[in-house]
Amino acid sequence: MISRLLVANRGEIARRIMRTCRRLGIETVAVFSDADAGAEFVRDADYAVALGGNTPAESYLRIEAVVAALERTGADAVHPGYGFLAENADFARAVAAAGATFVGPDPEAIAAMGSKLEAKRLMSEAGVPLLPSAELGRLDGDELAAACAEIGYPLLIKASAGGGGRGMRVVADEAKLADAAEAARRESASAFGDDTVYAERYVSPSRHVEVQIFGDAGGRVIHLHERECSIQRRHQKIIEEAPSASIGPATREALHAAAVAAGKAIGYTNAGTVEFLLPADAGDVGDAPADFYFLEVNTRLQVEHPVTEAVLGLDLVELQLSVAAGGQLPEQSAIGPVAGHAIEARLYAEDPTRDYLPSTGTLRAFAVPGPVRVDSAIDQRGQVSQFYDPMIAKVVAHGPDRLTAARTLATSLRRATIDGIRSNRELLVRVLTHDEFLDGRGDSDFLERNDAAALGRPLVAGEALAVHLGAAALARQAWHRATTALTPAVATGFRNAPTTPQRVSFEHDGQIAEVGYRFTGAELVHLAVDGDELADPVLWSATPHAVDLSVAGLRRHLRVALFADRVVVTGPDGSVDLRPVPRFVEPGDTVEAGSLVAAMPGTVVAVQVSEGDTVDAGDTLVVLEAMKMELAVTAPTAGTVTAVPVSVGDTVTAGQVLAVVEG
């Protein structure tokens, strides 16, 4: 029996593991970085130990520090979650050497499958179909070009030690090969502590279908059905579902059998996932399954495990703990058929309209309504750090069928309160309601065919936007009324010139809108946006936190969050993030013409130019890293570099000058 579990991870997965432990009466230990000292998962744990540092390399990837915390707290088991050390064989060995149980497969299986290259070799021996690939090692120049020419273009460079879309680069031809390989190595080293990469034939469009497997110490390996994860951005899954809607019975049976065979071939124990790639148009041909290819085995719990839990009524963390403690798995026949359909959406702190630029800062209010499961690192508010993955939460809907699950999830996301940072909520809602997705045609190229910037634009437009703008103005007016000392007899909205509307302006999606409103006594008699009067406005009530407003006979209840620099209005149409525009702008600091500034906080990982260099439009000048992703800062026009005030390793803030280019 496990009595005290150390969770060697952070954020939502740490909280999710601890939730099961509380139900089972198992004590928990958290480890945390300096950046996470005030995080929810630290407070959730019974005990916590500081690792120091901020970046993963300084904290969660330090095996010796995590093992020291294990020994200090007397924990008898370690759960690695996913990411960080979850697929690190040396870590599993260190845990065992410290006399504790590692909740996962044995180190040999981790080493074999954690190296995607070794996994491919083993699967080839087992007869599982593979895509052409080659280990790149430290190859460069002609050797790198020759190795990739054998595979053929387009190809995908991948991190051997990790996943999650990090350390991946699609290469269309040899011209971009060297830069892509170096960037993939850099990103892989940062995210996983290992810069080994390999190249693989790139199949696009495609379907990504994975099979959840479990093994126990007695040699039994079973499957828990499949999940489809084809909707991805930059090879990072954003929507996952169970079961797959794109495969037929013969393909389903063949995938399950191949996954179990793979597990048995490596003597697999505990939870794992076997990932397969299928051509987008693959389907059963009579009784024959479609073509499919092995991608990798993830020797850990997957981010998307909640959809499997939803359709099978299981707690996979509980099953992991049971197997780790020596428990026996049930027979395959005891695993029932799936019940209904479940869909998970990953809510990220990023802006799809700006090429998925990560968004850091304080999430000042967060809530997702409706009959959905929310696994999040944050309860109601918290920090989104530049040092880690930008995922805010996983939101899961389970319904009797796929359409119901998709509608439920879209509605909950549309009505969610996400105040303080930019998120991909709008993109998720539009994907979940898109005809292609609902018809089962959502393959890996979905976000290539459908413009992410268009999918990520604000949900609220037209008359609904005007109503939200009006609600923002009226809520601010109510706040001023409540906090300003006026004569009690003076009516709300008092003006010396009562026929002149009060006016306030907001910035929304890069545009400025002016709202005008006027009261007669306590009655709203005029409401206009940019001079266009809204028909028959009726204000039922207005407070700084909520506005009940009718326009043209349609009544809406709108939630309002007022901050010093923004107003967030949420209603049945969606959410609108507005920035009040001051009537009189103070002169501010300016930057030199031609300056390229950091769009977000981050760390400089590469400087590719020097003062005096001549550059062309599109040339990379500086590379930043934030939230485990790299952002290249490129020259907007041809010119000469006149200043480069940053160096590799510098930590920069949003708006800081990185380089100056004069045309």
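The basis for the numbers below is simple: all heavy atoms, side chains too, and nothing from hydrogens, waters or symmetry mates.
The distance from the CZ atom of Phe32 to the CZ atom of Phe41 is 8.0 Å, given to the nearest 0.5 Å. In this structure, OH on Tyr293 lies 9.5 Å from CZ on Arg201, to the nearest 0.5 angstrom. Taking CZ from Arg16 and OG from Ser376, the interatomic distance works out to 14.0 Å, rounded to the nearest 0.5 Å. Atoms CZ and OG, on Arg425 and Ser412 in that order, are 11.5 Å from each other to the nearest 0.5 Å. Between the NZ atom in Lys120 and the CG atom in Leu130 there is a gap of 5.5 Å [rounded to 0.5 Å]. Within the model, atoms OG1 of Thr299 and CG of Asn270 stand 10.0 Å from one another, a figure rounded to the nearest 0.5 Å.
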Under the side chain to side chain contact (heavy atoms under 4.5 Å, CB included) rule, what do Arg207 and Leu277 come out as? Steps first, then yes or no, please.
CA-CA 6 Å; Arg207 299 276 188 175; Leu277 180 146; over 6 Å; no
Go through the steps for Val368 and Val372 under the test side chain to side chain contact (heavy atoms under 4.5 Å, CB included), then give the verdict.
CA-CA 8 Å; Val368 184; Val372 292; 4.0 Å; yes
Can you check side chain to side chain contact (heavy atoms under 4.5 Å, CB included) on Val203 and Leu131, steps first, answer last?
CA-CA 9 Å; Val203 178; Leu131 291 167; 3.8 Å; yes
Before you tell me yes or no, could you show the steps for Thr55 and Tyr60 under side chain to side chain donor-acceptor pair (under 3.5 Å), namely the whole-Å CA-CA distance, both residues' side-chain angles and the distance that decides it to 0.1 Å?
CA-CA 8 Å; Thr55 67; Tyr60 299 105; over 6 Å; no
Determine, step by step, whether His208 and Glu275 satisfy the side chain to side chain donor-acceptor pair (under 3.5 Å) criterion, reporting the C-alpha distance in whole Å, the side-chain angles of both residues, the deciding distance to 0.1 Å, and the verdict.
CA-CA 7 Å; His208 288 243; Glu275 297 198 3; 5.1 Å; no
Quick one: do Gln320 and Val317 satisfy side chain to side chain contact (heavy atoms under 4.5 Å, CB included)? Show the steps, please.
CA-CA 5 Å; Gln320 282 190 292; Val317 172; 4.2 Å; yes
Evaluate side chain to side chain donor-acceptor pair (under 3.5 Å) for Asp195 paired with Ser188, printing each intermediate quantity in order.
CA-CA 5 Å; Asp195 68 354; Ser188 178; over 6 Å; no
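Side-chain polar atoms of Glu226 and Ser244 form no donor-acceptor pair below 3.5 angstrom. With no hydrogens or angles considered, a side-chain donor-acceptor pair links Ser246 and Glu228 at under 3.5 Å.
Between Asp106 and Arg93 there is no salt bridge, since no side-chain N of the basic residue sits under 4.0 Å from a carboxylate O of the acidic one. Comment: Asp315 engages Arg23 in a salt bridge, judged by a side-chain N to carboxylate O separation of less than 4.0 angstrom. Salt bridge Arg300/Glu87: present, at least one basic N to carboxylate O contact under 4.0 Å. Between Glu350 and Arg422 there is no salt bridge, since no side-chain nitrogen of the basic residue lies less than 4.0 Å from a carboxylate oxygen of the acidic one. A salt bridge between Arg186 and Glu625 is absent, with no side-chain N of the basic residue lying under 4.0 Å from a carboxylate O of the acidic one. Salt-bridge check for Asp140 with Arg138: failed, with every basic side-chain N at 4.0 Å or more from each acidic carboxylate O. Under a 4.0 Å N-O distance rule, the pair Glu187/Arg169 qualifies as a salt bridge. Note on Arg19 versus Asp375: salt bridge recorded, some NZ/NE/NH1/NH2 to OD/OE distance being below 4.0 Å. Between Asp194 and Arg185 no salt bridge is recorded (no basic side-chain N to carboxylate O distance below 4.0 Å). Salt-bridge check for Glu344 with Lys237: failed, with every basic side-chain N at 4.0 Å or more from each acidic carboxylate O. Ion pairing of Glu200 with Lys158 is present here, as a side-chain N (NZ or NE/NH1/NH2) and a carboxylate O approach within less than 4.0 Å. Ion pairing between a basic and an acidic side chain is recognised when a charged N comes within 4.0 Å of a carboxylate O; Arg10 and Asp36 show such pairing.
At a threshold of 4.5 Å between non-hydrogen side-chain atoms, the residues Ser206 and Phe276 do not count as touching. Under the 4.5 Å side-chain criterion, counting only non-hydrogen atoms from C-beta, Leu85 is in contact with Ile63. Val604 is listed as a side-chain neighbour of Val652, based on a closest heavy-atom distance under 4.5 Å. The shortest distance between side-chain heavy atoms of Asp44 and Arg22 falls below 4.5 Å. Residues Val78 and Val67 have side chains not in contact (no heavy-atom distance under 4.5 Å, counting atoms from C-beta outward). Within the 4.5 Å cutoff, the side chain of Arg234 has heavy atoms near those of the Tyr356 side chain. With a 4.5 Å cut-off on side-chain heavy atoms, Thr651 and Gln386 count as touching. Side-chain contact between Ser3 and Glu27 is absent, with no heavy atoms from C-beta onward closer than 4.5 Å.
Contact detail for Val221 and Gly263: the closest heavy-atom pair is CG2-C, 4.1 Å. The two atoms that bring Pro243 and Gly340 nearest to each other are CD-O, 3.7 Å, heavy atoms only. Scanning all heavy atoms of the two residues, the minimum distance from Ala242 to Val311 falls at O-CG1, 3.5 Å. Nearest heavy atom pair, residue Ile421 against residue Leu363, reads CG1-CD1, 3.7 Å. Ala181 and Leu144 get closest at one heavy-atom pair: CB-CD2, 4.1 Å. Between Gly81 and Ile17, the closest heavy-atom pair is CA-CD1, 3.9 Å.
Between the side chain of His79 and the backbone N or O of Phe102 there is no donor-acceptor pair closer than 3.5 Å. For Glu309 (side chain) and Leu316 (main-chain N/O), a donor-acceptor pair under 3.5 Å exists by modelled atom type. Put simply, the side chain of Tyr388 gets close to the backbone of Asn54: a donor and an acceptor are under 3.5 Å apart. Looking only at distances, a side-chain donor or acceptor of Asn424 sits under 3.5 Å from a matching main-chain atom of Arg346. Of the possible polar contacts, one joining the Arg4 side chain to the Thr73 backbone as a donor-acceptor pair under 3.5 Å is found. Side-chain atoms of Asp216 do not come within 3.5 Å of backbone N or O of Val323 as any donor-acceptor pair. Proximity of a side-chain donor or acceptor of Lys394 to a complementary backbone N or O of Val303 within less than 3.5 Å is detected. A distance-only check finds a donor-acceptor pair linking the side chain of Gln332 to the backbone of His223 [under 3.5 Å].
Here His398 and His341 keep their ring centres 6.0 angstrom or further from each other.
Atom CD of Glu108 is surrounded by more than 12 heavy atoms from other residues, nucleotides or ligands within 6.0 Å. Under a cut-off of 6.0 angstrom, the local environment of CZ in Arg43 is crowded, with over 12 non-hydrogen atoms contributed by other residues, nucleotides or ligands.
Here the rule is side-chain hydrogen bond (donor to acceptor under 3.5 Å, both in side chains) with Arg227, and of Gln212, Gln302, His305 only Gln212 fits it. For the pairing with Cys148, the side-chain contact (heavy atoms from CB on, under 4.5 Å) check across Ile157, Leu139, Val171, Leu136 returns one residue only, Leu136.
For the pair Arg233 and Tyr348, the cation sits on the ring face: its NZ or CZ lies under 6.0 Å from the ring centre, inside 45° of the axis.
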